[in-house]
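Written out below as structure tokens is the structure these notes cover.
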Amino acid sequence: MNFGDFKTVVKIKSVAIVLGIFLLIGIIHGIIADSFNVFVSWLLIGIWLIYSFKVLKNIKQYREFNSPHNTAFFSIGPVFVGIFYSIWGNFTGLLGENLLEGSNLYLSWWSILFGFPYLAYGSYSLYRCFKKYNVIYFGTKAINARTIGYILALVVIFYIIFYWIIFYAVIDFYDSIIIPVHFYVDLNLLLLLISTILIFIVSGLFGTQRRLPTLTRDYITRRTNRLNHLTSPQRTSSPRRQNVSTSRTTRSSRITPISQRRSTQTRTKTTSRTVSRKTTAKPTIIPQRSISSRDFSKYKPKAGLLSVEDFKCIFCFKLPKLPEDNGRGIILCPKCRYPAHADEFKDWMQSSNLCSRCNAIIPSSYRRNPKIISVKNYSIIYRNFLKKNK
Ligand SMILES: [Zn+2]
Ligand SMILES: [Zn+2]
């Protein structure tokens with residue numbers, strides 16, 4: 001059993017323990033109070049704690065990598081958790097006392113504690129779909145953030161209205177084993193409905209459209225394909241490699257990589273400026289042949305002891321590899337040399353000019369013309385480093 005398996009087992013075990021504890025409390029309290037609602041409420045608290053723990057853990061991990069929260073997990077999950085726990089306010093046997101007694105509205109400690117935080121976060125996520133992000137990631141699949149925003153807003157609006165129709169108009173509902181405790185209008189849901197409609201209209205319909213990244217995945221596909229096609233046959237023969245390595249030297253003196261440029265700061269500013277202009281003239285491509293072990297240090301992330309974690313994309317935390325990343329390229333931060341999928345890097349550059357990992361300013365020439373490494377080459381590079389470590 002390796003460490004990864006071990007971690008999974010621990011995770012499953014702790015989830016089972018938490019659920020078991022709340023199940024037990026629920027059964028005992030449910031029997032004492034003679035209420036099925038009390039039993040379910042305890043169980044829901046257990047599930048809420050597990051979910052919240054997972055959210056906090058993800059936030060911590062994303063903070064560590066300084067990554068934007070534009071994933072389905074952060075954009076879509078919270079609002080529905082918030083809605084569900086707000087709805088349960090009509091059923092809960094715990095903390096359910098109405099704090100707005102005397103009005104038709106309902107607010108209890110249950111809805112404040114378990115519903116409101118996720119509804120607030122969900123509304124903020126919706127706002128970010130329209131205003132901040134270009135895309136939302138579903139796993140590795142990127143979907144236009146505005147599209148997600150429209151769908152999410154409409155689903156939330158219809159969901160709340162649909163729920164109210166069911167709750168107040170459909171009689172059959174009351175034959176179910178879970179019986180509502182009261183029929184007040186939930187303040188949480190009312191606020192969410194209003195804020196969702198406002199965000200939908202103000203940011204969604206009348207807000208400014210964001211520019212889309214210029215470096216498309218198609219473009220990267222074409223480039224990496226061409227690259228692999230051009231270079232793979234030359235790898236095997238050694239006399240040629242000699243030849244190639246000299247041509248590489250001339251090449252690298254012509255097109256100085258940024259990392260190298262930084263280290264040779266004794267040069268005058270004017271030369272380095274001309275060099276950088278030359279660099280931007282043509283996209284810098286690293287062909288297969290140019291990777292000899294001597295060169296590997298140029299791609300080494302700046303970390304004391306390298307582990308496989310250091311070669312994972314700083315945005316999606318996945319190790320670049322084939323065939324999963326077919327057609328994608330890798331871009332390294334010129335400063336910390338941590339890798340990112342090229343499409344994700346480009347997307348991030350739309351909203352920031354800082355490296356998401358080390359906060360260094362990415363030069364605008366590099367942003368326009370980042371050096372793209374094929375996933376094939378990058379996996380050769382990191383395998384080499386990881387082998388050395390053993
Ligand atoms: Zn990635
Ligand atoms: Zn960096």
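Both ligands and their constituent atoms are indexed starting at 1 by order of listing.
The two residues Ile330 and Pro339 come nearest to each other via the heavy atoms CG2-CB, 3.8 Å. Between Asp186 and Ser111, the shortest heavy-atom contact is OD2-CB, 4.4 Å.
Residue Glu344 approaches the Zn ion (ligand 1) most closely through its N/O/S atom OE1. Within His341, the N, O or S atom at minimum distance from the Zn ion (ligand 1) carries the name ND1.
By the 6.0 Å contact criterion, OH on Tyr127 is open, its count of non-hydrogen atoms from other residues, nucleotides or ligands being 12 or less.
The distance from the CG atom of Leu107 to the CG atom of Asn98 is 7.5 Å, given to the nearest 0.5 Å.
Rounding to 10 degrees, one finds that the Zn ion (ligand 2) sits at the corner of an angle of 110° between Cys333 SG and Cys336 SG.
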